[in-house]
Number of protein chains: 2
Amino acid sequence: MKIYRSYSAGQAIVWGGDPMEFVASVVSGTATISRTMEDGRAQTLGLLLPSDFIGRPGRDYAPYDVTAVTDVVICSFRRRPFEQIIDEMPHIAQRLLEMSLDELDAARDWMLLLGRKTAREKIASFLCLVARRSNDAKAGKVPPALTVNLPLTREAISEFLGLTLETVSRQFSNLKRDGAIVLSGKRTVEIPDYPALLAEAGDDPEPED
Amino acid sequence: MKIYRSYSAGQAIVWGGDPMEFVASVVSGTATISRTMEDGRAQTLGLLLPSDFIGRPGRDYAPYDVTAVTDVVICSFRRRPFEQIIDEMPHIAQRLLEMSLDELDAARDWMLLLGRKTAREKIASFLCLVARRSNDAKAGKVPPALTVNLPLTREAISEFLGLTLETVSRQFSNLKRDGAIVLSGKRTVEIPDYPALLAEAGDDPEPED
DNA sequence: CGGCAGTTTGACCAACATCAAGTTGGGTGG
DNA sequence: CCACCCAACTTGATGTTGGTCAAACTGCCG
């Protein structure tokens with residue numbers, strides 16, 4: 001019923017269009033949800049970090065690719081029994097509704113980024129997103145200065161932001177030149193002033209709850 | 001409990017950030033969901049056509065603006081009683097889950113468009129979207145040739161596609177020059193060959209279900 | 001000590017944005 | 001019924017951002 005599976009970095013977890021045998025949740029590692037056009041242009045639609053859910057109850061075919069970007073472990077359930085549980089336990093459907101509304105909000109925020117933000121704003125937004133998500137678990141509030149470890153290559157970042165990898169690299173260099181970030185190694189970014197970076201992202205300041 | 005409300009073209013139905021007193025469904029007309037940055041850049045996140053749902057059970061504040069683009073009539077319910085109904089009738093939560101998963105798919109398709117498609121492909125995609133949606137109700141399948149009435153101005157289209165209104169206008173002219181569309185009046189578009197336009201959009205051909 | 005994937009940087013170019021006139025056509029008041 | 005008006009639209013000239021192509025650099029792993 002409940003099976004752990006491992007994938008190594010770069011491996012496909014789900015192929016878009018394939019029948020979907022299972023739903024799952026990410027235990028460790030990072031994966032992406034993406035769609036690819038016939039000519040190879042690809043857009044990453046979301047990041048999957050530990051505790052995120054993979055799959056769509058009620059859908060027979062996967063609409064997107066899911067790819068492991070680091071080594072990934074997931075905990076999977078066969079889809080049919082899972083759907084039966086939903087039918088029997090109404091509050092689970094409500095929980096899933098909550099989750100899909102959250103995903104919808106995230107997708108729509110990303111639409112604003114893709115449609116209207118400049119390359120520099122996209123990079124700043126991305127760094128803020130990763131900073132927020134990798135600190136959420138630890139504390140309720142994002143500290144003003146912090147260090148984040150990027151799970152993605154420049155190319156994967158470019159697919160997430162609707163840019164080319166060269167533009168991503170250039171904007172990293174620009175933000176570094178301007179002191180907004182400090183690069184220590186290719187995958188580690190120090191953010192000396194998180195609110196300042198958020199301002200670079202063109203976002204509303206975060207709610208103070 | 002159930003109240004009909006009317007809005008004239010251009011009027012705000014919901015302001016982003018405001019408390020959300022009601023949920024509703026569109027009875028007639030066209031509205032948009034959008035987000036705006038402080039400096040005025042705006043991105044439309046979705047179209048609301050008759051039968052579409054407005055609002056988020058379980059959310060106190062509206063995350064987006066909803067604006068009438070034509071005269072609109074909605075049928076609204078106060079939110080609290082509506083949420084109680086969800087708690088009592090589990091299959092409604094499941095229906096809402098279905099709907100929000102559909103919206104999530106639509107949002108993600110649009111992310112691919114915003115991040116990766118050219119201006120020409122964006123226009124073609126938009127026309128195909130409108131063609132499909134205004135014909136869905138009438139028949140299961142999209143006919144090869146058809147005429148659609150655009151509810152949106154060029155500016156509203158540009159906000160939906162992440163372009164400027166001038167680029168939208170130019171690409172309309174290009175598609176017309178190339179025979180992919182025929183413009184009869186500013187708001188009416190004939191599509192002589194829907195599959196060909198879909199190919200221009202860079203999309204997979206539609207499933208033959 | 002290579003080899004190679006990932007990255008950075010540079011030079012150049014194309015697509016789209018911006019700025020600026022014109023044009024169209026539907027609605028209104030005379 | 002006509003003439004005018006104005007918002008919506010089209011088209012042109014020019015500018016800028018980010019894409020493309022190409023070359024060199026880094027650092028990790030065998």
Side-chain angles (χ1 to χ4, degrees), chain A residues 8-11 30 37 39-43 69-71 113-127 149-178 181-189 200 202, chain B residues 8-11 30 37 39-43 69-71 113-127 149-178 181-189 200 202:
Chain A
S8 51
Q11 233 184 329
T30 303
M37 295 169 67
D39 62 7
R41 281 176 285 175
Q43 178 65 48
V69 293
T70 63
D71 291 353
L113 174 142
L114 291 172
R116 291 300 177 197
K117 289 189 179 177
T118 64
R120 185 185 175 94
E121 288 169 336
K122 286 178 176 182
I123 298 291
S125 298
F126 170 75
L127 289 171
N149 223 299
L150 298 182
L152 305 181
T153 65
R154 297 287 183 269
E155 184 176 29
I157 296 170
S158 75
E159 288 195 354
F160 197 20
L161 299 176
L163 298 169
T164 58
L165 69 92
E166 293 95 329
T167 300
V168 170
S169 184
R170 271 186 250 277
Q171 295 301 333
F172 266 93
S173 299
N174 291 349
L175 286 170
K176 177 178 145 191
R177 165 174 51 71
D178 300 345
I181 60 173
V182 178
L183 296 177
S184 29
K186 296 185 187 301
R187 296 292 187 85
T188 305
V189 179
E200 288 280 2
Chain B
S8 52
Q11 231 183 330
T30 303
M37 295 168 68
D39 61 8
R41 282 176 285 174
Q43 178 63 48
V69 293
T70 64
D71 291 354
L113 175 143
L114 292 172
R116 291 299 177 197
K117 288 189 179 177
T118 64
R120 185 185 175 94
E121 288 170 335
K122 286 179 176 180
I123 298 291
S125 299
F126 170 74
L127 291 171
N149 222 300
L150 297 182
L152 305 180
T153 65
R154 298 286 184 269
E155 184 176 29
I157 296 170
S158 75
E159 287 194 353
F160 198 19
L161 299 177
L163 298 170
T164 59
L165 70 93
E166 293 95 329
T167 299
V168 171
S169 183
R170 272 185 248 277
Q171 296 301 332
F172 266 93
S173 301
N174 291 348
L175 286 170
K176 177 178 146 192
R177 166 174 50 73
D178 299 344
I181 59 174
V182 179
L183 296 176
S184 29
K186 295 181 188 305
R187 295 294 188 85
T188 306
V189 179
E200 288 280 3

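Letters go in sequence order (proteins before strands), and every chain restarts at 1. Remember, it's a predicted structure, so these values are computed and weren't measured experimentally.
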**OP:** Write down the distance between CG (Leu165(A)) and P (dT7(C)), rounded to a whole number of angstrom.
**Re:** 8 Å
**OP:** Grab the CG-C1' distance between Leu161(B) and dA15(C) for me, whole Å please.
**Re:** 16 Å
Subject >> Partners meeting side-chain contact (heavy atoms from CB on, under 4.5 Å) with Asp39(B) (sequence neighbours left out) >> reply: Met37(B), Arg41(B)
**OP:** For Leu150(A) and dG6(C), give me the distance from atom CG to atom P, rounded to whole Å.
**Re:** 15 Å
**OP:** Just call it for Thr153(A): base, sugar-phosphate, or nothing, with non-hydrogen atoms closer than 4.0 Å on any strand.
**Re:** sugar-phosphate
Original post:
Does Lys122(B) have any salt bridge (charged side-chain N to carboxylate O under 4.0 Å, His left out) partners at least two apart in sequence or in another chain, and if so, which?
Top reply: none
**OP:** Indicate for each nucleotide in nucleotides 14-30 of chain D, in 5' to 3' sequence, whether protein heavy atoms under 4.0 Å reach the base (B), only the sugar-phosphate (S), or nothing (-).
**Re:** ----SSBB---------
Original post:
Residues two or more places apart in sequence or in another chain: which of them pass side-chain contact (heavy atoms from CB on, under 4.5 Å) with Gln171(B)?
Top reply: Ala119(B), Arg120(B), Ile123(B), Thr167(B), Asn174(B)
**OP:** Starting at atom CG of Leu183(B), determine the distance to atom P of dC9(D), rounded to an integer number of angstrom.
**Re:** 11 Å
Original post:
Rounding to a whole Å, what distance do you find between Arg187(B):CZ and dT24(C):P?
Top reply: 18 Å
Original post:
Within this structure, what is the CZ-to-C1' distance between Arg154(B) and dG25(C), rounded to whole angstrom?
Top reply: 13 Å
**OP:** Could I get the full list of side-chain contact (heavy atoms from CB on, under 4.5 Å) partners for Glu159(A), not counting sequence neighbours?
**Re:** Ala42(A), Thr44(A), Arg116(B)
**OP:** Return the set of residues passing side-chain contact (heavy atoms from CB on, under 4.5 Å) with Thr153(A) (not counting sequence neighbours), or none when no residue passes.
**Re:** Glu155(A), Ala156(A), Arg187(A)
Subject >> Atom pair distance, as rounded to whole Å: CD in Glu121(B) and P in dA14(C) >> reply: 18 Å
Original post:
Roughly how many Å is it from CD in Glu159(B) to P in dA17(C), rounded to a whole number?
Top reply: 13 Å
**OP:** Taking Asp71(A) for its side chain and Ser8(A) for its backbone only, find out whether a donor-acceptor pair lies under 3.5 Å.
**Re:** no
